[in-house]
Amino acid sequence: GEDVEQSLFLSVREGDSSVINCTYTDSSSTYLYWYKQEPGAGLQLLTYIFSNMDMKQDQRLTVLLNKKDKHLSLRIADTQTGDSAIYFCAEIDSSASKIIFGSGTRLSIRP
Amino acid sequence: EAGVAQSPRYKIIEKRQSVAFWCNPISGHATLYWYQQILGQGPKLLIQFQNNGVVDDSQLPKDRFSAERLKGVDSTLKIQPAKLEDSAVYLCASSSERDQPQHFGDGTRLSIL
C-alpha cells in the first residue's frame, strides 16, 4: 500500500535554513502537501504542489519535488522560533479518495 | 472565513463508556473527514463523507465506532464502548471537493482511564 516516510527530528539554528525531507511510494499521486502542527492544535496547511511541478516557492517556503525518486522536500529560509512545530508530509492517492500522512518531523530551533 | 469547529476540546472517560465528538466544517465544503491521531504518529483516516454519503470507511472499527453527517453539514463521531487504545486526538477536516486541500479543526483530545 501507499506509504509516506519522514525523519523524526530536525534541529537548526535560528536564522539558518531548515530542510525537511519526505519520501512516498505512490507514483500516481496528484498532490503532495506540507502541513504544520503546533502543540495542542490541528494541522495547518502550509503549501502544496501538483505532481506535474518540480518546484514551488511561497515567501520563506520552497517545495522541491523529484518524481523520479519520489522525494519531496520543504525548505524554510531564515528559520524563526515560531517555526518550531511538527511538519507532516502527505500525498493524495490517484483516485483522490484519501490522503496519506507521514509520521511527522519535529523541528526544533536553537538560539 | 471561519475554520473547522470541533467540540469538545478535551474528554476524559473510563473504558467501556461512550463518547461523541462534533464537527462543523467550513461553510460550503462538501467533503468531511474524521482522523485519529495517536501520539507520535500522523493522522489516520477513519471515515470520509461526500455531502451526506460515506465515501471511505475502510479503516473505521465499525464494531465500536460510528459516524454520521445527516444533512451534509455537521458531523458526529461516536465510540461505544471505548477501549484504552482509543486514547488519541480526533481531528475533523473539510475540503471543498475530494481532491482539494483539507483544512483541519483543532481536534478533540480523548483520554481513556
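All of these numbers come straight from a predicted model, not from anything done at the bench. Throughout, protein chains are lettered first and strands after them, A, B, ... in sequence-line order, and every chain is numbered starting at 1.
By the 6.0 Å contact criterion, NZ on B:Lys62 is enclosed, its count of non-hydrogen atoms from other residues, nucleotides or ligands being greater than 12. Under a cut-off of 6.0 angstrom, the local environment of CD1 in B:Ile12 is sparse, with at most 12 non-hydrogen atoms contributed by other residues, nucleotides or ligands. Annotation: A:Gln59, atom CD; neighbour count of heavy atoms from other residues, nucleotides and ligands within 6.0 Å does not exceed 12. Other residues, nucleotides and ligands place more than 12 heavy atoms under 6.0 Å from the NZ atom of A:Lys56. Within a 6.0 Å sphere centred on CG of B:Leu113, other residues, nucleotides and ligands contribute more than 12 heavy atoms.
Here A:Ile86 contributes atom CD1 and B:Gln41 contributes atom CD; the two are 11.5 Å apart, rounded to the nearest 0.5 Å. With values rounded to the nearest 0.5 angstrom, A:Ile99 atom CD1 is found 7.5 Å from B:Tyr33 atom OH. Atom-to-atom distance recorded for A:Leu43:CG and B:Gln102:CD is 9.5 Å, nearest 0.5 angstrom.
Proximity to chain B is limited to the side chain of A:Gln37, based on heavy atoms less than 4.5 angstrom apart. Residue B:Gln100 touches chain A through both its backbone and its side chain, counting heavy-atom pairs closer than 4.5 Å.
Taking both residues in full, the closest heavy atoms of A:Leu45 and B:Pro101 are given as CD2-CB, 3.3 Å, listed atom of the first, atom of the second, then distance.
Clustering ILVMFWY residues whenever any of their side-chain heavy atoms sit less than 4.5 angstrom apart, transitively, puts A:Leu8 in a cluster other than the one holding A:Ile100. Under the 4.5 Å side-chain heavy-atom criterion for ILVMFWY residues, no single connected hydrophobic cluster contains both A:Leu46 and A:Val19.
You'll find the side chain of A:Tyr35 stays beyond 4.5 Å of the side chain of B:Pro43, heavy atoms only.
Of all residues in residues 101-111 of chain A, those placing a non-hydrogen atom less than 4.5 angstrom from a non-hydrogen atom of chain B are A:Phe101, A:Gly102, A:Ser103.
Partners of A:Tyr87 under the side chain to side chain donor-acceptor pair (under 3.5 Å) rule, at least two apart in sequence or in another chain, do not exist in this structure.
Among residues at least two apart or in separate chains, disulfide (SG to SG under 2.5 Å) pairs with a member in residues 36-95 of chain B are B:Cys23-B:Cys92.
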Side-chain donor-acceptor distances from residues 71-83 of chain A under 3.5 Å, at least two apart:
from, atom 1, to, atom 2, distance (Å)
A:His71, NE2, A:Asn21, OD1, 3.3
A:Arg75, NH2, A:Ser17, OG, 3.0
A:Asp78, OD1, A:Gln80, NE2, 2.8
A:Asp78, OD2, A:Gln80, NE2, 3.3
A:Thr79, OG1, A:Asp16, O, 2.7
A:Thr79, OG1, A:Ser18, N, 3.4
A:Thr79, OG1, A:Ser18, OG, 2.7
A:Thr79, OG1, A:Ile76, O, 3.3
A:Gln80, NE2, A:Asp78, O, 2.9
A:Asp83, OD1, A:Arg60, NH2, 3.0
A:Asp83, OD2, A:Arg60, NH1, 3.0
A:Asp83, OD2, A:Arg60, NH2, 3.4
A:Asp83, OD2, A:Gln80, N, 2.7

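Distance alone, capped at 3.5 Å, is enough to place a donor-acceptor pair between the B:Arg9 side chain and the A:Gly40 backbone.
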